[in-house]
Undergrad: 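Before I ask anything, here is the structure I am working with.
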Amino acid sequence: MILFNTKGRRLQEFKSIKEGEVGMYSCGPTVYGRAHIGNMRAYVFADTLKRVLMYAGYKVNHVMNITDVGHLTSDADEGEDKLAKAARESHETAWEISKRWTEQFFKDTKSLNVLPVTTACKATEHIADQIALVQKLEEKGYTYRTSDGIYFDTAKFPHYGDFAHLDIEGLQAGIRVDMSEKRNKTDFALWKFSKPTEKRDMEWDSPWGVGFPGWHIECSAMSMKYLGEKFDIHTGGIDHVTIHHTNEIAQSECATDHTFVNYWIHCEFLTMSNAEKMSKSLGNVVNIDTLREYGIKPLAFRYLCLNAHYRKQLLYSKEILMGANNAYNKWCAFMDKLKEENPKMLPLNQLSEASVKYLDEFKQGIFNNLNTPQALATMWNLIHDKNINNDEKYTLLMEFDKVFGLTEVEAEKPAEVEIPAEVLDLLDQRNRYRAEKNWAQADAARDAIKAKGYTIVDTKEGSKLQKI
RNA sequence: GGUCUCUUGGCCGAGUGGCUAGGCGCUGGUCUGCAAAACCAUUUACUCCAGUUCGAGUCUGGAAGAGACCUCCA
């Protein structure tokens, strides 16, 4: 399979370090608040990549961090701690805040059919690993101490700017950079000291004094702990290329003296039109619950993500989301109808030539740098193809869904609601009027039922009620 | 200021030289007492200019416009 590697900025044939196995690390959430659908795109992407790797036959060891240590709100290594801020605002401890939002994060990703990761690791539970890594860097002479922490000296890593194509000169000539006591513009904190005047919810003892780890070190420490000093794939949002991943590479490769990660795969942003720009201050941040309020299934959002390539910015608006929801609902309806006919799952080697063509086209799409839009096009063409029988269609669609992950899990389906007796009475009335061909009265009954919040759908088996 | 990306039909969005992407929406049709759903059909395209080529949405150069990151948001 072909993947676009940010390292080198080119398409590359993927080859794992260990035959048949893939070690993959995904930058996870910072749990000081509810993740919005923009965040979710990145996790749907990582999940899709994992599913494609699994489809290709790899056993995937997937590790994701939970950033539950408070970091800083503004400027490089300055400002108030985000978790502390959230905690202060809701009168909770940082621990309570991070616990709540971590749980919510997993609920949200689950509703998007994101498969559980092999290991989800919390930064707060790996403080010793992070300290050990900083110590290793210290022993090798890559660090220095300032009044507020231990810093990484990026001048000692000659290839620092290579990954992100950084023009260090340009950065220095650019706008506002707070150097404080840093030796180089690009240096970053490995360990921060607690201020003597404050008592933090989260702080730990270390060889350098009480404090907390810098942001970047957790990913290096935990990824290497669970995947080894060198592993296959590291994913994250495109915004992490310049700083976070550049720093991860610097500290990891200086610690080990060899390549840290072979393939860096980054997901583009979900962007908002200006009219619908989300902002926390306006209170219009769209999250999974917002979708539900709109009457949009979370998985319709997954469909939306799959319908665009992960390396392209994806425009978000309510209208666009509604379109994806319509398409997704049609797919669900088609699958339901198909299942009612009790199709047989066929072994793939018994498929007709025409079906094999669809399967090949599907694989061609997903293995070509995750071209899921093309794979979805293949799916729709298959659905509309009259020359493929239901058994084969079902077999192929279930096969495709191993990657798409669009099948709604039972728990997400809305519970059957009791229909009020009065509505059932009205339905009886309408049926009698219809039998008498009294259309005016029948339509009046329909309107009355609609006013109660139900719509009538006439089928061959009779009239059915649906909640609006 | 630096780095990078994008510009496809009403909307979203694939497509790296020649062949229908696909979805949503619209419209028409079939079906239905009506409606809904479903199915069928149909419509609209490659920002502009110049170049390369037998041939370009696809390559090259230029122009205009949009966006992202450098501000610990994926």
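A, B, ... follow the sequence lines: proteins, then strands. Residue 1 opens every chain.
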Undergrad: Ignoring hydrogens and angles, answer whether the base of B/rG23 and the side-chain atoms of A/N326 contain a donor-acceptor pair closer than 3.5 Å.
TA: no
Undergrad: Across all strands, who's sitting opposite B/rU7 as a Watson-Crick or G-U wobble pair, both distances under 3.5 Å?
TA: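 Because both required distances fall under 3.5 Å, B/rU7 counts as paired with B/rA64.
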Undergrad: From CG of A/L314 over to C1' of B/rA14, roughly how many Å is that when rounded to an integer?
TA: 13 Å
Undergrad: Pick the P atom in B/rU7 and in B/rG57, then give their distance to the nearest Å.
TA: 15 Å
Undergrad: Whether the A/H266 and A/H245 side chains hold a donor-acceptor pair (N or O, under 3.5 Å, no angle test) is what I'd like checked.
TA: yes
Undergrad: Once you round it to whole Å, what is the distance between P of B/rC4 and CZ of A/F4?
TA: 12 Å
Undergrad: Applying a 4.0 Å non-hydrogen cut-off, can you work out what A/N371 is touching in the nucleic acid: base, sugar-phosphate, or nothing?
TA: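 Result for A/N371 = sugar-phosphate.
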Undergrad: Any sub-3.5 Å donor-acceptor pair from A/E125's side-chain atoms to A/C121's backbone N or O?
TA: no
Undergrad: Using a cut-off of 4.0 Å on non-hydrogen atoms, how would the nucleic acid contact of A/R446 be classed: base, sugar-phosphate, or nothing?
TA: base
Undergrad: Map A/L304 and A/A333 onto RNA chain B by nearest heavy atom, then report which one ends up closer to the 5' terminus.
TA: A/L304
Undergrad: Under 4.0 Å, counting only non-hydrogen atoms across every strand here, what does A/W439 touch: a base, just sugar-phosphate, or nothing?
TA: base
Undergrad: Now, which nucleotide makes the Watson-Crick or G-U wobble pair with B/rC59, with each of the two distances under 3.5 Å?
TA: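 Partner of B/rC59: B/rG51.
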Undergrad: Please measure how far the P atom in B/rC48 lies from the corresponding atom in B/rA64, and state the result in whole Å.
TA: 16 Å
Undergrad: For nucleotides B/rG10 and B/rU27, find the distance between their C1' atoms and express it as a whole number of Å.
TA: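 It comes out at 12 Å once rounded to the nearest Å.
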Undergrad: So what does A/H266 hit on the nucleic acid, given a heavy-atom distance under 4.0 Å: a base, only sugar-phosphate, or nothing?
TA: nothing
Undergrad: For a quick check of understanding: with a heavy-atom distance under 4.0 Å over all strands, which category does A/Y303 fall into, base, sugar-phosphate or nothing?
TA: sugar-phosphate
Undergrad: Taking atom C1' of B/rG15 as reference, at what distance in whole Å does atom NE2 of A/H309 sit?
TA: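 Answer to the nearest Å: 12 Å.
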Undergrad: For nucleotides B/rU42 and B/rC4, find the distance between their P atoms and express it as a whole number of Å.
TA: 45 Å
Undergrad: Salt bridge or not between A/E399 and A/K402? Use side-chain N to carboxylate O under 4.0 Å.
TA: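 Yes, charged N to carboxylate O under 4.0 Å.
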Undergrad: Would you indicate what A/Y43 reaches in the nucleic acid, counting non-hydrogen atoms under 4.0 angstrom: base, sugar-phosphate, or nothing?
TA: sugar-phosphate
Undergrad: Closest-nucleotide mapping onto RNA chain B: is A/F334 or A/R311 further toward the 5' terminus? I mean the 5' end.
TA: A/R311
Undergrad: For the pair made of CD1 in A/I238 and P in B/rU3, what is the distance, rounded to whole Å?
TA: 16 Å
Undergrad: Less than 4.0 angstrom from a charged side-chain N to a carboxylate O is my criterion; do A/D47 and A/R302 meet it?
TA: yes
Undergrad: Does this structure show an ion pair linking A/K122 with A/D68, if we count only N-O contacts that are shorter than 4.0 Å?
TA: no
Undergrad: Is B/rU30 paired to anything, Watson-Crick or G-U wobble with both distances less than 3.5 Å, and if yes, which nucleotide?
TA: B/rA38
Undergrad: At 4.0 Å (heavy atoms only), tell me whether A/I456 reaches a base, stays on the sugar-phosphate, or touches nothing.
TA: base
